[in-house]
Amino acid sequence: MSSKMQPVRGTRDLIGADARRHHAVAETARRTAGLYGFEEWFTPIFEDTAVFARGLGDTSDVVSKEMYSFEDRGGDSITLRPEGTAGVCRALVSNGLTQTLPQKVFYAGPMFRYERPQKGRYRQFHQIGIEVLGAAEPLADAEVIACGWQILNALGVAEGVVLEINTLGDAASRDAYRAALIEHFSAHQDKLSHDSKVRLEKNPQRILDSKDEGDRAIVATAPTIDAYLTPEAASFFEAVQGYLTLFGVPFRRNPRIVRGLDYYSHTAFEFVTDRLGSQGTVMGGGRYNGLVEEMGGPATPSVGWAAGMERLSLLMEAVGNDPRPPRPVAVIPQGEGAETAALSLVQKLRQAGITAEMAYRGNLKRRMERANRQNAHAALFVDAAGAIEMKNLDSGDQYALSEDAAIAALGG
RNA sequence: GCGGUCGUAGCUCAGCUGGUAGAGCGCCAGGUUGUGGUCUUGGAUGUCGCGGGUUCGAGCCCCGUCGAUCGCCCCA
């Protein structure tokens with residue numbers, strides 16, 4: 001047992017039902033995002049460390065202690081991407097696409113974070129995400145959110161998932177609010193939890209998010225951002241909510257939502273569920289202005305979200321959404337010398353676009369049992385002369401027919 | 001990085017106050033040169049996560065370690 005190779009901590013294999021769910025998440029999201037005009041980009045899985053260090057801001061744990069960074073043989077500092085947005089912004093600049101805005105991007109793939117693994121959280125995990133790059137209009141925020149909502153619905157997991165939105169305001173609002181929060185929490189500093197005392201130094205808004213009982217009482221009396229919003233920031237947030245209502249996307253205001261990464265401003269949102277324990281955020285995002293500039297491009301107002309594929313798969317499993325592979329047709333040679341005729345038939349079926357299988361070995365009983373296990377919907381018995389009988393494995397009906405008739409009947 | 005719980009067959013799990021392993025499912029083969037999902041008979045599979053300690057003797061007790069899991073932190 002000890003010599004058995006195991007995947008490294010925080011990684012895992014996706015096989016069978018897990019693999020099918022994972023694939024369904026990516027495929028459903030890709031297709032749905034396509035309906036909204038998003039096109040998929042494939043950016044590298046690793047980047048120059050500066051792409052993330054600069055992009056995400058150094059107050060986040062993601063940068064300060066969770067990155068998989070290493071020096072390559074040429075002496076460059078390389079980092080396995082911990083999230084998708086920074087790489088997409090870098091690619092926008094690298095490819096000169098700042099001249100052709102807006103760009104609507106979909107991505108899906110592995111991300112890496114050195115964290116303590118938990119259910120729905122791995123060191124190699126997978127995200128899907130979309131970004132609208134180069135649109136300052138609140139309509140873009142609403143469109144991005146609506147697309148996310150449609151994906152959750154298409155996956156059948158929208159039940160029990162709630163959209164919570166908030167605004168972080170523009171720079172002026174944010175600074176004023178931050179000052180107010182520091183004042184409020186400093187006044188109660190002695191009653192704050194240890195974690196929140198640290199937050200007060202690093203990122204006071206994070207205290208709003210605290211799960212500590214004692215903190216919550218202090219948070220309850222904390223000011224909300226509304227009084228500190230500039231008129232522009234307030235009307236922007238109003239507009240986003242108006243479009244969401246127009247699009248029929250239900251939401252609820254949660255003034256305690258903050259974002260983990262530094263680049264966010266204005267709209268912040270999370271799709272949350274209570275079915276996943278402490279990994280309740282299923283899709284999260286918001287507006288970010290300034291990230292593209294960090295990559296050396298022009299100011300490019302943008303908005304997007306990312307979702308954890310593992311968490312979406314977990315939700316699919318919880319609601320019993322179990323994608324099945326297509327039901328094959330089982331081709332079964334009958335009698336001596338029938339193998340050649342059967343093989344030629346199975347190949348013709350496949351070329352006609354029909355999912356067909358023929359077992360490598362086994363007697364008739366074994367082949368039938370195997371057909372059953374594969375959930376085959378029909379069996380085609382072929383004899384040495386090439387004569388075919390088709391049996392419907394659901395109804396049990398069986399009759400002889402020609403090869404062409406069989407292909408036609410099976411939808412080829 | 002911190003705290004709680006748990007590691008026995010491919011899977012789900014049982015195993016008494018310590019006496020060197022069991023069930024169900026699954027798998028393989030037979031009953032059936034022949035038409036499946038039913039039934040029936042038989043069979044294979046474990047250094048009891050790993051390492052050390054206590055003991056005449058450890059799956060069970062102790063220590064360590066690795067892994068999973070739950071919560072914190074953080075985040076999707």
Side-chain angles (χ1 to χ4, degrees), chain A residues 1-4 6-12 15-17 25 29 56 59-67 82-85 108 110-123 125-129 148 152 193-196 198-199 202-203 206 209-213 215 257-261 264 269-273 276-286 304-315 330 332-336 338 359 362-381 383 389-398:
Chain A
M1 276 308 237
S2 64
S3 61
K4 238 189 221 174
Q6 293 298 322
V8 320
R9 183 164 159 85
T11 70
R12 60 175 192 155
I15 294 172
V25 167
L56 310 194
T59 70
S60 67
D61 280 13
V62 171
V63 169
S64 57
K65 53 187 195 206
E66 293 175 1
M67 295 206 303
E83 57 103 50
T85 305
M111 308 289 166
F112 304 84
R113 257 123 93 158
Y114 192 86
E115 305 181 90
R116 182 88 170 239
Q118 269 179 47
K119 200 180 189 67
R121 170 207 276 190
Y122 300 89
R123 288 181 174 179
F125 61 109
H126 300 79
Q127 287 187 334
I128 52 173
L152 296 175
S193 66
H194 171 74
D195 285 331
S196 286
V198 175
R199 291 182 179 117
K202 275 174 55 180
N203 190 355
R206 271 278 162 208
D209 224 9
S210 177
K211 288 169 188 166
D212 182 87
E213 281 291 323
D215 287 352
I257 288 188
V258 293
R259 294 280 77 214
L261 279 10
Y264 289 102
F269 60 89
E270 290 180 0
F271 287 90
V272 298
T273 177
L276 257 33
S278 63
Q279 266 69 55
T281 301
V282 126
M283 182 180 279
W305 52 251
M309 294 178 66
E310 283 76 8
R311 294 183 188 178
L312 290 173
S313 293
L314 238 28
L315 272 185
I332 300 177
Q334 191 161 34
E336 288 301 309
N363 61 22
L364 184 53
K365 177 185 163 123
R366 288 280 167 246
R367 288 169 189 266
M368 286 300 282
E369 284 173 346
R370 179 179 157 82
N372 238 72
R373 239 181 291 128
Q374 291 177 319
N375 196 29
H377 67 277
L380 291 180
F381 302 103
D383 71 13
E389 285 205 23
M390 181 163 77
K391 177 166 188 167
N392 180 318
L393 293 177
D394 293 327
S395 65
D397 295 344
Q398 181 172 335

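Computed from a prediction, not measured in an experiment: that's the story for all the values here.
Annotation: side chain to side chain contact (heavy atoms under 4.5 Å, CB included) contacts of Asp195(A) (sequence neighbours excluded): Ser193(A), Arg199(A). Looking at residues two or more places apart in sequence or on another chain, you find a salt bridge (Lys or Arg N to Asp or Glu O under 4.0 Å) between Asp394(A) and Arg327(A). Legend: residues meeting side chain to side chain contact (heavy atoms under 4.5 Å, CB included) with Pro110(A), ordered by chain and number and at least two apart, are Ile45(A), Arg81(A), Phe112(A), Gln124(A), His126(A). When the salt bridge (Lys or Arg N to Asp or Glu O under 4.0 Å) test is applied to Glu310(A), no partner is found at least two apart in sequence or on another chain. Glu389(A) is linked by a side chain to side chain donor-acceptor pair (under 3.5 Å) to Gln398(A), counting only residues two or more places apart in sequence or in another chain. Residues forming a side chain to side chain contact (heavy atoms under 4.5 Å, CB included) with Lys119(A) (at least two apart in sequence, or on another chain): Leu314(A). Not a single salt bridge (Lys or Arg N to Asp or Glu O under 4.0 Å) links Asp383(A) to another residue, sequence neighbours left out. Residues satisfying the side chain to side chain contact (heavy atoms under 4.5 Å, CB included) criterion with Arg9(A), sequence neighbours excluded, are Arg116(A), Pro117(A), Arg123(A).
A gap of 28 Å separates the C1' atoms of rC11(B) and rG71(B), to the nearest Å. rA44(B) and rU69(B) have their P atoms separated by 35 Å, with the value rounded to a whole Å. For rC62(B) and rG67(B), the P atoms lie 22 Å apart once the distance is rounded to whole Å. Across the C1' atoms, rG15(B) and rG7(B) are found 15 Å apart, a figure rounded to whole Å. The same atom, C1', is picked in rG10(B) and in rU45(B); the two are 9 Å apart, to the nearest Å.
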Name each donor-acceptor pair under 3.5 Å that joins a side chain in residues 369-376 of chain A to protein atoms two or more places apart or in another chain, with its distance.
| from | atom 1 | to | atom 2 | distance (Å) |
| --- | --- | --- | --- | --- |
| Glu369(A) | OE1 | Arg366(A) | NH1 | 2.5 |
| Gln374(A) | NE2 | Glu357(A) | OE2 | 2.8 |

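Between His194(A) atom NE2 and rG1(B) atom P there is a gap of 16 Å when expressed in whole angstrom units. The CD atom of Glu115(A) sits 15 Å away from the C1' atom of rC2(B) (whole-angstrom rounding). Residue Met368(A) contributes atom CE, which lies 14 Å from atom C1' of rU32(B) at whole-angstrom precision.
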Please list, pair by pair, any protein nitrogen or oxygen found under 3.5 Å from a nitrogen or oxygen in nucleotides 64-67 of chain B.
none

Contact list (N/O, under 3.5 angstrom) for nucleotides 38-42 of chain B vs protein:
none

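Residue-to-nucleotide proximity on RNA chain B shows that, of Ala307(A) and Thr11(A), the 5′-proximal contact is made by Thr11(A). Place Arg199(A) and Pro117(A) on RNA chain B by their nearest nucleotides, and Pro117(A) ends up nearer the 5' end.
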Determine, stepwise, if the pair Met368(A) / Phe381(A) fulfils side-chain contact (heavy atoms from CB on, under 4.5 Å). CA-CA 10 Å; Met368(A) 286 300 282; Phe381(A) 302 103; 3.9 Å; yes
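With rU69(B), rG36(B), rA76(B) as the candidates, the nucleotide lying closest to the side chain of Lys391(A) is rG36(B).
The phosphate of rC75(B) (OP1 or OP2) has no side-chain N or O of Arg116(A) nearer than 4.0 angstrom.
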For Watson-Crick and G-U wobble pairs within 3.5 Å on both distances, what is RNA chain B written in dot-bracket notation, | included for inter-strand pairing? (((((((..((((.....[..)))).(((((.......))))).....(((((..]....))))))))))))....
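Counting non-hydrogen atoms under 4.0 angstrom, Gly120(A) reaches a base of the nucleic acid.
For the atom pair CG of Asp397(A) and NZ of Lys391(A), the computed distance is 9.5 Å after rounding to the nearest 0.5 Å. Rounded to the nearest 0.5 angstrom, Glu115(A) CD and Glu66(A) CD are separated by 4.0 Å.
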